[in-house]
Amino acid sequence: MSGHQEYSFFGAVEKSFDKAAKFTNWDPGILEQIKQCNSVYRMHFPVKIGDQIEVIKAYRVQHSHHKTPCKGGIRFATAVNLDEVMALAALMTYKCAIVNVPFGGAKGGISIDPKKYTAYELEKITRRYTHELIKKNFIGPGTDVPAPDYGTGEREMAWILDTYMSMKPGEVDALGCVTGKPVTQGGVRGRREATGLGVFYGIREVCNMTDVMQRLGLDLGIEGKTVVIQGLGNVGYHASKFFREGGAKVIAIAEYEGAIMNPDGLNEEEVFEHRKKTGSILNFPGALNLAQSNDALELDCEILIPAALENVINGENAPRIKARVIGEAANGPLTPEADEVFAAKGTLVVPDMYLNAGGVTVSYFEWLKNLSHVRYGRLEKRFTENQNKNILNQIENLTGKKVADNHKIMIEHGPDEVDLVYSGLEETMISATREIMDCWKRNPSIPDMRTAAYVVAINKVATSYEELGIFP
Ligand code: GLU
């Protein structure tokens, strides 16, 4: 999945920021402060791998402290570099502002290929990285809270938590030092699928907007829409699942080794199992192989979801892309040139920093759960069920009619943790979509949805700076 890098990634984020800043009235000093990365920590540390000492290069960048803690994932990949971590940290600030998650943006990364190490070696690297963060006060429930990102998951978060807890015995809120943890280690139900689900909620909301669909020449609603997904990692897999369950048709899925296509629709679970068994997405029964992974991006479809890495859609391939809606599930999959091509073509680009905010939104719910030391729904589930039962009994007594058993189960059901997390996420994504679209409508000279999203984010962060006051 190569894309050629035409810009520094942080430069591209700055460029998008500047484009949007013109539609605001903030003091240039405040705008400059928002743009900069407040704290940048680059580290080298030695880890013994076999009988060799390897020097590992890693980063943590806190982009903004206008709200604390800072928040953002940790990525393990050879391509990790300072420019990338800075860009991703900045995107986290804007992302959190858009979905009203009260955190500043951060990001971390270790420049390694996780596939080259055993689980034991990865654990050593992760624990040592956590130590380095602790030493410099770059981690903690009130300062900076990491989470999973590309190349990391629940397992790594559990190692981070364990290292933190062993260094900070008795810290009552220690569980909140990292999110995306396994549910047994203080995680929250629904976090694993949160980003993919948020992508689905966001795109569904856009598809439910009459004026937007008319402008794009598409039918209203998500049902029956053709979707192409690039990347079958955690985000791509869950996005595929929720699109399929929501009535859309996932006609192609792309991975490193190539892509597969079936106009009748693909089931992500079966594709995932096939890849696990054969080591490749290709030769999936009933599907057509596309030898070049990137060919999938150019297929005839209504919705394209790049859910892999940055810069995969650029000035070179954008003119050939036929989708009418592009949902950026990954961070930074489009370059600024691609944005310009799509603005001219009238293709709707639903931007990353809002569309993939489901992950951090549910991380926020996890953090709240950790600070409150109680599972969501524990206090109200039984109470709600009893209340619903009483209401149903009253209705049955007064009308003399019986409610069917299957309806009864549905109506009586009190909320479990996962129900509350999903509904909190749904509400967040729907309101954020509306807020961005309203901003765009109020100012029709804004060229695209990304710029509108930046305007919303800049206004919120700048207001916060203004209310905080700047130190004399
Ligand atoms: N890595 C995810 C992102 O880029 C999640 C961050 C978080 O949960 O803090 O949004």
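Every number for a ligand or one of its atoms is a count from 1 in the order of the listing. The figures here come from the full heavy-atom set of this structure, side chains too, leaving out hydrogens, waters and symmetry mates.
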So, [X] side chain and [Y] main chain: donor-acceptor pair closer than 3.5 Å or not?
X	Y	value
N370	G186	yes
D419	Y422	no
K345	E340	no
E121	T118	yes
H274	E270	no
Y59	D83	no
H63	I34	yes

State yes or no: are the ring centers of Y94 and Y454 separated by less than 6.0 Å? yes

Is the F272-Y237 ring centre distance short of 6.0 angstrom? yes

Would R75 count as a contact of ligand 1 if the rule is a heavy atom under 4.0 Å away? no

Quick one: which ligand 1 atoms are inside 4.0 Å of a heavy atom on [X]?
X	value
G359	8 (O)
K71	7 (C), 8 (O), 9 (O)
A147	6 (C), 7 (C), 8 (O), 9 (O)
G73	1 (N), 6 (C)
G72	9 (O)
N331	4 (O)
K107	1 (N), 3 (C), 4 (O)
M92	3 (C), 4 (O), 6 (C), 10 (O)

When distances are taken from atom 8 (O) of ligand 1, the protein heavy atom at minimum range is S363 OG, 2.5 Å

Of the protein's non-hydrogen atoms, which lies at the shortest distance from atom 5 (C) of ligand 1, and what is that distance? R191 NH2, 3.5 Å

Answer yes or no: does an N/O atom from K95 fall short of 3.5 Å to an N/O atom of ligand 1? yes

Have a look at ligand 1 and work out which part of [X], if any, has a heavy atom under 4.0 Å from it: side chain, backbone, both or neither.
X	result
P148	backbone
M353	neither
V362	neither

Given the ring of Y256, does K115 sit roughly above its face, with NZ or CZ under 6.0 Å from the centre of the six-membered ring and within 45° of the axis? yes

